[in-house]
Amino acid sequence: MAQALPKRSEVPVELTWDLTTTFTSDASCREVLKELNREVDEFVDNFKGRIKKDGAEGVVKALKAYENILIRLSRVMVYTSLRRSTDMGDSSAVRLAGEAAQQASELSARLSFFQDELSKLRSRNLKEAAKLAPQYKTYLTDIAAWQKHMLKPRVEETLAKLAPSLNLPGDVYEVSKAADMRFPDFTVDGKSYPLSYVLYESHYCEEPDTAVRRQAFSSFSDTLRQFHNTVATVYNAQVQQEKIMASLRGFDSVIDYLLFHQKVPRSLYDQHIDLTMEKFAPVMRRWAKVLQTKHGLEEMHYADLKLVYDPEGNPKVPVEEASAYISEAMKPMGQEYHDLIMRFKEERWVDFARNQGKSTGGFCTSVWEGQPYILLNWNDSLSELYTIAHELGHAAQGLICEANNSFLESDFTWYDVESPSTFHEMLLSNSFMRKVKGDKVAEARVAANMIENTYYHNFVTHFLEAYYQREVYRLVDAGEQLQAEDFDRIYRETLEKFWGDAVVLDPGAELTWMRQPHYYMGLYSYTYSASLVISTQMYLRLMAEGDSAAKDWLNFLAAGGPMAPIDHAKIAKIDISDTKSLERTIDFIESLVEKVEAAQD
């Protein structure tokens, strides 16, 4: 039976991350904020109005000073965000995060002149600067490309100052979910069960008892419904704000605006979403039938879709055993890569604890010249092991990219940013498959685990978000103001199109749009399935080619830029410009479903 969550103060320290490697205290963080104010003043005094006059050498000098400020500011923002994420009911952490966000917006406003002045330099000057400092070549090229979308300096400065307010929709959503939603206990056959946001998402959605599982979904949905109009209002504010920004910057569509910095053509984005709905949905309807048969269900309900195929192949994983699983999974990538990943244990990269007020789900964020930080809500399930493998993929990506690039060119574009993480999930599945090779039933269990933990979450859950999100933006582009019933209708229509008559949509299924923060992050949801195409093809290469494929993947991780996704994927010898890689990925998932079906015969 699920247990009520402890307070943060009751959590053992060994289950928490070590933030002291970034700042030893809140006071030391605030001191750096003060120092940054002085550094920004000096930067303005030294460079404002001088970029054009000082030539290429002056541009490089300014870039290095600018980069140093951004590095220190990023450390502050990561620290304050992480402090807040582990307990959103901690007023001191919330206050510190608010102070940092407000001061960061002020600093960004004072620095906003720099990109404006850079963008106005002649192409020859930018090329000369890039020749002197090639570590900034892509950054300077991107500045030039963005120039036609930049507003007058005073407007850019004002928008930078307004950043905390412009980010409010996402902040309000997170706080309402983590701090305000209260889920009452529910009862099944006279027995009472505790319920919370984390308990539903990490426990009850997989509960083997059908009556408990479905009642948990119903009770969970009842509480979501109490916040229905509030969350809808916040979400509408987000998308309308994005539309306004798109129009201000000269984009015809909010989708084109959001894709610009991802360096993704609209045709590639639409192609991915349309083909996935067409060819992948039938595969997952077969998977729904597999689950229904396995569990002897008269009907397959929406509340049943996260069922574990075979609990015997889904063992409990105590937190202290996680590192051994990860160690085994990383072996095909070579000793150096393995050792890099295994630093997570001794350096306390991970916050495993489940406690009241903690952010849901999992994420990884890295501190430049520091360490990665991974947030989890560990529940001893196999799915949580896949989550830590996933987030450690992001950690490797951050560390390797940092070692080979400047701070200003250290990010992947969003299209392929989830590739390293989902690739790690496949390495984990591969480690399980190696142990059971030749055992038809056991291999089917591993295939089922791979579907449940990698492809369902990334290629189903997030794809459905992406399809729904595109429909929302289409209406916003058409000038519509959206309300709760509109979001419900669009999500329900998305589910009906994907699942057809294979799944009964329980009341509350239409509220699923209320359960993800990705809608406050622009066009992020589709990138999970897009990235998974790259990682699946890389995994298949690794299985067929071994060390040579691993070397290509390390080169992929080391590439900065950020590169355009089509060019970036080519480093790993993967072509995503047409539909073939996507189709081969769907074929691979279908082969996993077939493996499980064959074991049922």
Side-chain angles (χ1 to χ4, degrees), residues 5-33 71-97 99-100 178 198 317-327 330 337-380 384-385 387-403 407 410 420-421 424:
L5 297 178
K7 296 178 181 178
R8 181 67 179 181
S9 59
E10 299 169 343
V11 172
V13 68
E14 61 268 20
L15 296 181
T16 66
W17 49 31
D18 181 12
L19 293 184
T20 63
T21 61
T22 301
F23 288 109
T24 56
S25 66
D26 291 356
S28 63
C29 178
R30 286 189 170 97
E31 185 58 36
V32 169
L33 268 176
I71 288 172
R72 300 193 74 201
L73 182 58
S74 73
R75 293 177 70 86
V76 169
M77 298 310 294
V78 168
Y79 175 81
T80 57
S81 173
L82 296 178
R83 281 270 287 115
R84 178 175 175 266
S85 67
T86 54
D87 187 357
M88 294 187 186
D90 181 343
S91 59
S92 63
V94 172
R95 186 179 300 111
L96 178 62
E99 291 173 13
V198 172
V317 183
V319 67
E320 57 269 18
E321 296 179 12
S323 61
Y325 283 102
I326 297 299
S327 177
M330 296 302 115
Y337 187 88
H338 168 277
D339 292 348
L340 174 72
I341 297 301
M342 295 311 296
R343 284 167 46 191
F344 84 89
K345 185 177 180 182
E346 294 303 319
E347 296 178 10
R348 281 178 55 202
W349 296 357
V350 186
D351 199 276
F352 293 97
R354 288 195 297 166
N355 58 260
Q356 297 174 27
K358 187 175 180 180
S359 179
T360 59
F363 63 74
C364 175
T365 188
S366 294
V367 173
W368 192 260
E369 298 174 348
Q371 68 175 57
Y373 289 102
I374 295 171
L375 181 138
L376 301 174
N377 284 273
W378 195 268
N379 62 359
D380 290 352
E384 204 66 17
L385 184 62
T387 301
I388 191 174
H390 178 107
E391 301 304 342
L392 285 168
H394 286 306
Q397 165 194 334
L399 291 169
I400 294 172
C401 201
E402 176 187 330
F407 178 82
S410 61
S421 53
H424 264 210

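None of the values given here were measured: they were computed from a predicted structure. Just so it is clear, the values below take in all heavy atoms, side chains as well, and ignore hydrogens, waters and symmetry mates.
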Return yes if some donor-acceptor pair links the side-chain N/O of E391 with the main-chain N/O of C364 below 3.5 Å, else return no. yes
Are D351 and L376 close enough that some pair of their side-chain heavy atoms sits under 4.5 Å apart? no
Within the 4.5 Å heavy-atom criterion, are K7 and N355 side-chain neighbours or not? no
May I ask you to decide if L5's main-chain N or O and Q356's side chain share a donor-acceptor pair within less than 3.5 Å? yes
Do L385 and E321 come within less than 4.5 Å of each other through their side chains, counting heavy atoms only? no
Is the closest side-chain donor-acceptor distance between Y373 and T21 under 3.5 Å? yes
With sequence neighbours excluded, give me every ring pair (Phe, Tyr, Trp, His ring centres under 6.0 Å) pair touching residues 340-362. F352-W378
For the CG atom of L19 and the OG1 atom of T86, what is their distance to the nearest 0.5 Å? 7.0 Å
Measuring only between side-chain heavy atoms, which start at C-beta, is I400 closer than 4.5 Å to L340? yes
4.5 Å side-chain heavy-atom contact, L15 and V319: yes
Tell me which pairs pass salt bridge (Lys or Arg N to Asp or Glu O under 4.0 Å) where either residue lies in residues 75-87, with sequence neighbours left out. D26-R83, R83-D90
Check whether the side chains of N377 and R354 place a donor and an acceptor atom closer than 3.5 Å, and report yes or no. no
Would you check if the side chain of S25 reaches a backbone N or O of S28 as a donor-acceptor pair within less than 3.5 Å? yes
Do you know the tightest heavy-atom contact between D380 and P318? OD1-CA, 3.6 Å
Report the distance from atom CD1 of I388 to atom CD1 of I374, rounding to the nearest 0.5 Å. 6.0 Å
Do Y337 and H424 pass the ring-ring contact (aromatic ring centres under 6.0 Å, His included) test, and can you show the C-alpha distance, the side-chain angles, and the key distance before you say yes or no? CA-CA 12 Å; Y337 187 88; H424 264 210; 5.7 Å; yes
Taking all atoms of both residues into account, what is the closest heavy-atom pair of A396 and I341, and its distance? CB-CD1, 3.5 Å
Spatial distance of atom OH (Y79) from atom SG (C29) [nearest 0.5 Å]: 6.5 Å
K358 and M88: CA distance, side-chain angles, deciding distance, side-chain contact (heavy atoms from CB on, under 4.5 Å) verdict: CA-CA 6 Å; K358 187 175 180 180; M88 294 187 186; over 6 Å; no
What is the distance from atom SG of C401 to atom NE2 of H394, rounded to the nearest 0.5 Å? 13.5 Å
Counting distance only, does the side-chain N/O of R348 pair as donor-acceptor with the main-chain N or O of T16 below 3.5 Å? yes
State the OG1-CZ distance between T80 and R95, to the nearest 0.5 angstrom. 14.0 Å
Could you walk me through whether L399 and Q371 pass the side-chain contact (heavy atoms from CB on, under 4.5 Å) check? CA-CA 8 Å; L399 291 169; Q371 68 175 57; over 6 Å; no
What pair of heavy atoms forms the shortest contact from M342 to S323, and how long is it? CE-O, 3.3 Å
Quick one: closest heavy-atom pair of H338 and S327, and the distance? NE2-OG, 2.7 Å
Minimum heavy-atom separation for L375 to W17, with atom names? N-CZ3, 3.6 Å
Decide if atom CD of E346 counts as having more than 12 heavy atoms of other residues, nucleotides or ligands within a radius under 6.0 Å. no
Supply the atom-to-atom distance L82 CG to T365 OG1, rounded to the nearest 0.5 angstrom. 6.0 Å
Can you see which heavy atom on V11 is nearest to which on A353, and at what distance? CG1-CB, 3.2 Å
Verify, without hydrogens or angle tests, whether E402 (side chain) and E369 (backbone) share a donor-acceptor contact under 3.5 angstrom. yes
